[in-house]
Amino acid sequence: MSITSLLLLADGRFPSGGHAHSGGLEAAVTARRVTGVDDLGAFLRGRLATAGLVSSAFAAAACYSTVDASSLDAGLDARTPSPALRRASRAQGRALLRAARQMWPLPPLPASPHQPVALGVVAAAAGLDHTQAALAAAYGTITGPASAAVRLLGLDPYRVHALLAGMATDCETVAARAAAHAGSPVDDLPAASAPLLDAGAEIHARWEVRLFAS
Amino acid sequence: MRATARIVAVAGRGGTRLVTMRSEPPLVLRRTGPETAHLVGGAAGPLGGDRLRVEVEVGPGARLCLRAVAASLALPGASGGASLLEVAATVAAGGHLRWLPEPLIAARGCDHVGQSTVELAEGAALVWREELVCGRHGEQPGDARLETTVRYAGGTIMRQEVAVGPRAAGWDGPAVLGGGRATGSLLVVDPAWADKPPEPAVLGPSAAWMPLVGPAALATATGADLREVRAALDECLPDDV
């Protein structure tokens, strides 16, 4: 286990194109569902409990058993009704693999797996265990939209980071719950849905001009 | 309270026959048309502690539409336990099932889990609606979670869990229901879509129609009340699958 590898993988500066995605925040901002720091906090809590839990569980499961990558990938398809979100997840998975291949030896994988599956396999290759993969995934589901919020709404970055610091325990609790499912049948993994993230992603995908890819 | 209801539809000469219709209060089934039955549960419920199960079997080439006469109201029970409603449905090749119940209303203090599992053979068709209303008028909901698993030809094509209430962090926030008091989904599985899936569509500011991986599409809608949600879902309700 290498803590430095975990920090590297969870760092927003990891060159996997994550900065191009807002995790559904751009759609929520345009719909005026998020206008300030308080709404952002509620958005992040809901995202962590839904998409965050699912991503974290699938990253942990893929790290725990990298040979299950393709069945886990199909499991995420079944949990991602929005075609726009499936495309965004696979684009991020592909970008993550491209970067990680230069850092660690990776097993053979589909070219564009869902991002949490790619993250789990990369975490295993980097010598991390499944609980660390779960944590990196849960953390990524809130830090991505948090930094997007600074760009979209011009929020005070200190206050946005204070929100993230205040969610540290929530993030670890979600990751621990997610990691506990590793090794379970794919149908038994969490499937928490966020109806507005799905609908928002479909609306967002139709815009001609947008700051973020998703 | 523990109860199991079971309904079995088979194709016969001249149409579908309902060969089994087993009711057990509060799950009471009544045939209301040639291919239609209604759940006519009388009492309010489910109540905390209830263990309810509905089994549905649609044979090759048979057609069945299941509805409910009224919404169900999840309430806390005297025992303090959770209520569970399991629905297990299987549809054989060439069979058609329409599951169009009324919504579940999560009353204050309830602790309810709905678990639906649908097994579709290759060539089976399905319409499956789920709606959840957060509390009665002006009331905060208790905990309610609706879990759905749908398999087609052995592979899982849809898994979702919609949760509201005090234990579901951020459920009323802008990522999940955004202050909406009602949410719902309508899944349509049509074997004809194996070659040509439907196009995605936006149904409103918080509703969309989304083709899945597999011969299926899901409408999702969230709104201020059930009327708003139902209106969006109805746009995607096929006349006859």
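Throughout, protein chains are lettered first and strands after them, A, B, ... in sequence-line order, and every chain is numbered starting at 1.
In this structure the side chain of Trp193(B) reaches within 4.5 angstrom of the side chain of Val188(B), judged on heavy atoms. With contacts defined as side-chain heavy-atom distances shorter than 4.5 Å, the pair His112(B)/Arg145(B) does not qualify.
Options Ala199(A), Gly200(A), Ala78(A) differ in how many heavy-atom pairs under 4.5 Å they form with chain B, and the most are formed by Ala78(A). In terms of heavy-atom pairs under 4.5 Å with chain B, the best-connected choice from Pro145(A), Ala194(A), Pro190(A) is Ala194(A). Put simply, of Asp39(A), Ile203(A), Leu196(A), Val34(A), the one with the most heavy-atom pairs under 4.5 Å next to chain B is Leu196(A). Between chain A and the options Gly178(B), Pro200(B), Gly180(B), Ala168(B), heavy-atom pairs under 4.5 Å are most frequent for Pro200(B). Most heavy-atom pairs under 4.5 Å with chain A, from the set Gly173(B), Ser206(B), Ala201(B): that is Ser206(B). With chain B as partner, the option from Ala28(A), Ala192(A), Gly24(A) having the largest number of non-hydrogen pairs under 4.5 angstrom is Ala192(A). Put simply, of Thr50(A), Asp77(A), Asp187(A), the one with the most heavy-atom pairs under 4.5 Å next to chain B is Asp187(A). By number of non-hydrogen pairs under 4.5 angstrom with chain A, the leading residue of Thr220(B), Leu218(B), Val213(B) is Val213(B). Interface remark: of the candidates Val162(B), Leu203(B), Thr156(B), Thr183(B), Thr156(B) forms the most heavy-atom pairs closer than 4.5 Å to chain A. Of all the listed residues (Leu177(B), Asp172(B), Val150(B)), the one sharing the greatest number of non-hydrogen pairs under 4.5 Å with chain A is Leu177(B). Interface summary for chain B: among Ala49(A), Pro81(A), Gly23(A), Ala74(A), the most heavy-atom pairs under 4.5 angstrom belong to Pro81(A). Per-residue heavy-atom pair counts under 4.5 Å with chain A were compared for Gly184(B), Ala169(B), Gly170(B), Pro174(B), and the maximum is reached by Pro174(B).
In summary, the side chains of Glu130(B) and Ser185(B) do not present any donor paired with an acceptor at a separation below 3.5 Å, with no hydrogens or angles considered. Side-chain atoms of Arg53(B) and Thr4(B) form no donor-acceptor pair, as typed in the model, at a separation below 3.5 Å.
Remark: Arg230(B) engages Glu131(B) in a salt bridge, criterion side-chain N to carboxylate O under 4.0 Å. Using a cutoff of 4.0 Å between basic side-chain nitrogens and carboxylate oxygens, Glu208(A) and Arg210(A) are not scored as salt-bridged.
Shown here for Tyr152(B) and Pro191(B), the closest heavy-atom pair between the two residues is OH-CB, 3.7 Å.
Listed for the Ser65(A) side chain is no donor-acceptor partner under 3.5 Å among the backbone atoms of Ala62(A).
The CD1 atom of Ile105(B) sits 8.5 Å away from the CZ atom of Arg136(B) when rounded to the nearest 0.5 Å.
Interface remark: Leu189(A) contributes backbone atoms only to the contact with chain B (heavy atom separation under 4.5 Å).
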